[in-house]
Amino acid sequence: MSPQGKKTFAMIDYEKCDPRQCDPENGKCPAVEACPHKVIKQLDGVFEQPMIFQDLCQGCWECIEACPLEAIHIKEIGS
Ligand code: SF4
Ligand code: SF4
């Protein structure tokens, strides 16, 4: 969190997200592997869309760069 009290976190666009396209063989989300803070997880298993624990997300962009479908975006809240 920045000194101004802003919070940035990643959000998944579930209209775009498709683990079958990202990893047709194993169904693993590359963004999950890329997150250094381990706050994006495929809770329902492989081939299922991941979710982000937004309270813990550091807004570091690693997952965004790892997502081939551009299904993850940064959102900023606060003032
Ligand atoms: S890399 Fe992106 S599109 Fe692929 S499963 Fe993960 S979040 Fe969804
Ligand atoms: S922005 Fe960083 S901390 Fe947040 S889910 Fe993506 S990789 Fe993980």
As an exercise, state the distance from [atom1] of [X] to [atom2] of [Y], rounded to the nearest 0.5 Å.
| X | Y | atom1 | atom2 | value |
| --- | --- | --- | --- | --- |
| C57 | H37 | SG | NE2 | 8.0 Å |
| E33 | C63 | CD | SG | 13.0 Å |
| M11 | H73 | CE | NE2 | 9.0 Å |
| C29 | M51 | SG | CE | 12.5 Å |

Exercise. Nearest heavy-atom pair of F47 and D23: which atoms, and what distance?
Worked result: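 In terms of heavy atoms, the two residues are closest at CE2-O, 4.0 Å.
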
Problem set entry | Smallest separation among heavy atoms of E76 and K6, with atom names |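 Looking at all heavy atoms of both residues, the closest pair is OE2-CD, 3.2 Å.
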
For this session: Treat each ILVMFWY residue as a node, draw an edge where side-chain heavy atoms are under 4.5 Å apart, and state whether I77 and F53 are in one component.
Result: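 As far as the 4.5 Å side-chain criterion goes, F53 and I77 are not connected within one cluster.
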
Exercise. Should I40 and W61 be regarded as members of a common hydrophobic cluster, given that ILVMFWY residues are connected when their side-chain heavy atoms come within less than 4.5 Å of each other, either directly or indirectly?
Worked result: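 In one cluster: yes.
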
For this session: For the pair Q58 (side chain) and L56 (backbone), establish whether a donor and an acceptor sit closer than 3.5 Å, ignoring hydrogens and angles.
Result: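 Yes, because the side chain of Q58 sits within donor-acceptor range (under 3.5 Å) of the backbone of L56.
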
Problem set entry | Donor-acceptor contact present, side-chain E62 to main-chain P36, <3.5 Å |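 Looks like no, no N/O pair under 3.5 Å.
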
Under the side-chain contact (heavy atoms from CB on, under 4.5 Å) test, which residues partner [X], sequence neighbours left out?
| X | answer |
| --- | --- |
| Q21 | D18, L69 |
| E15 | D13 |
| Q49 | Y14, C17, P19 |

Does the side chain of [X] reach to within under 4.5 Å of the side chain of [Y], using non-hydrogen atoms?
| X | Y | answer |
| --- | --- | --- |
| I74 | F9 | no |
| I12 | I52 | yes |
| C67 | P30 | no |

For this session: For atom NZ of K16, decide whether the heavy atoms of other residues, nucleotides or ligands shown that lie under 6.0 angstrom number more than 12.
Result: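 Yes.
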
